[in-house]
Amino acid sequence: MDSNKIFQVVLVLLILKWNSVRSLTVDVMDYGAVGDGVTDDSQAFEKTWEAACGSSSGSAVFNVPKGKKFLLNPTKFQGPCKSPNLNFMMEGEIIAPNDISYWRSHYVPTWLTFEQVNGLVVNGNGLFDGQGAVWWKLVPDPCQRPTALGFSSCNNLELSGLTHINSPRNHISINLCTNVTVASLHITAPETSHNTDGIDIASSVNVQIHDCDIGTGDDCIAINSGCKYINITGVNCGPGHGISVGSLGMEGSVAEVEEIHVQHCTFSGTQNGARIKTWPGGSGFARNIVFQDITLVDAFNPIFIDQYYCFPGQPCQNQTSAVKVSDIWFNGFRGTSMSEAAVNLDCSKTVGCTQILLDHINITAGAQGMVVGSSCTNAYGRDSGSIPPVDCLLP
Ligand SMILES: *[C@@H]1O[C@H](CO)[C@@H](O)[C@H](O)[C@H]1NC(C)=O
Ligand SMILES: *[C@@H]1O[C@H](CO)[C@@H](O)[C@H](O)[C@H]1NC(C)=O
Ligand SMILES: *[C@@H]1O[C@H](CO)[C@@H](O)[C@H](O)[C@H]1NC(C)=O
Ligand SMILES: *[C@@H]1O[C@H](CO)[C@@H](O)[C@H](O)[C@H]1NC(C)=O
């Protein structure tokens, strides 16, 4: 090669290199978004997404500017994207349509979906408003109401700083993802809104959730089948139904959940605290689960293993199989209970719960004249001096 040729090759390589390290920023306002809270901005968001996701720069920023309110119909942000790092910078507000008729005739299970986007960061001080009130009123069946924000098959996902309110169903779902960090979220819906879970996780590995405030009408966080290595720290939960593993094993399904650590969390006025719930007739396991350093402020059912979880108001059918619950450690629970059974271990006759360990439990009555105790069937393990004592476990 002559020197001129070498020079040309080097130049091309430098341009490619420069392109792969530079960052591209695209703003929804540059793609025709209006941001008045009334105009449908879905198409502008889709076009902005095409630009961000199709960019081969080292990182791409999708900007949702502050001070604007964007009305979006159900929208999917589909990957895979060319850039290995995509930042959905959310400083503005995104609201769902208040008129559900359009939505119901083009039914999708999730309002805003991110699918197959690796290295996605969704952050900022922005707000997602699911406008759920109309759904709670008109659509009692939660299976016909959409989740607000869904992440599916997104590896190396980070979600932080945002506020999520009034989802029609659960606020956030994380499915089939690996390496996820969720931090500093505020999730709020009325206590009376049914099935408005904060965060639902399924089939995901290596998930860290920390420093979130979650108060809704259902579980603050639910950990479903296929989850392992989930750490939850510093979550203030209430009102709501607590932090739950499950429900697992519905309709005879196989469920597997393991290596779950919930620590340094507070349950205030919640219907449950630390809960594991499984359906009769399922199979599989829920094991190696730790709940520790938990503060209770007038929580109902602070510690609850329920192997007889069934549809509310319907009796459980007799079944011999159950999801096996074992190696569960409740360590360091203090505060007040509003139900008489502060510790409730309701395990199946045929399968039972094994290696259930209770340490440093001191749960007292949340109301005057109330006496707290425990209830325990078919649970095996050790109780080292809990207040209240748990009789069926060995000392
Ligand atoms: C998850 O993170 C670990 C450690 O940073 C890394 O080795 C692994 O490849 C990541 N997994 C995926 C699916 O990206
Ligand atoms: C998850 O929690 C466990 C138990 O506290 C801890 O040993 C582990 O380091 C945590 N993992 C991460 C990635 O923070
Ligand atoms: C379930 O089992 C209990 C006790 O073994 C029995 O009394 C009850 O009738 C059974 N219920 C059904 C629906 O089979
Ligand atoms: C249990 O908690 C109550 C209320 O905070 C407290 O008065 C009591 O001393 C505690 N008991 C033990 C053994 O720590």
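Ligands are counted one by one from 1 in listed order, and the atoms in each one are counted from 1 as well.
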| query | Given Thr336, Ile363, Ile387, Thr364, which one has a non-hydrogen atom that is nearest to atom 13 (C) of ligand 4? | reply |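 Answer by nearest heavy atom: Ile387.
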With the threshold set at 4.0 Å, does a side-chain nitrogen-carboxylate oxygen contact exist between [X] and [Y]?
X: Asp359; Y: Arg382; value: yes
X: Asp129; Y: Lys69; value: no
X: Lys76; Y: Glu115; value: yes
X: Asp293; Y: Arg334; value: yes

| query | Less than 2.5 Å separating the SG atoms of Cys154 and Cys177? | reply |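 No.
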| Hey, is atom 9 (O) of ligand 1 touched by any protein heavy atom at less than 4.0 Å? |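 No, there is none.
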| query | Under 4.0 angstrom from atom 2 (O) of ligand 4, is there any protein heavy atom? | reply | yes
| said: Within the 3.5 Å criterion, strictly below it, is a donor on Thr266 or Ser268 matched to an acceptor on the partner's side chain? | reply: no
| task | Return yes or no for this condition: an N or O of Asn362 is under 3.5 Å from an N or O of ligand 4. | result |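 Indeed, backbone or side chain, Asn362 has an N or O that close.
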| query | Atoms of ligand 1 less than 4.0 Å from Asn156 heavy atoms? | reply |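 With Asn156 as reference, the close atoms of ligand 1 come out as 1 (C), 14 (O).
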| field | Numbering as shown, the atoms of ligand 1 that approach Asn179 to under 4.0 Å (heavy-atom distance) | value | 1 (C), 2 (O), 3 (C), 8 (C), 10 (C), 11 (N), 12 (C), 14 (O)
| task | Report the part of Asn118 in contact with ligand 1, treating N, CA, C, O as backbone and CB onward as side chain, heavy atoms under 4.0 Å; options are side chain, backbone, both, neither. | result | neither
| request: Give yes or no for whether the N/O distance cutoff of 3.5 Å, strictly under, is met between Thr178 and ligand 1. | output: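 In this structure, Thr178 places no N or O atom under 3.5 Å from an N or O of ligand 1.
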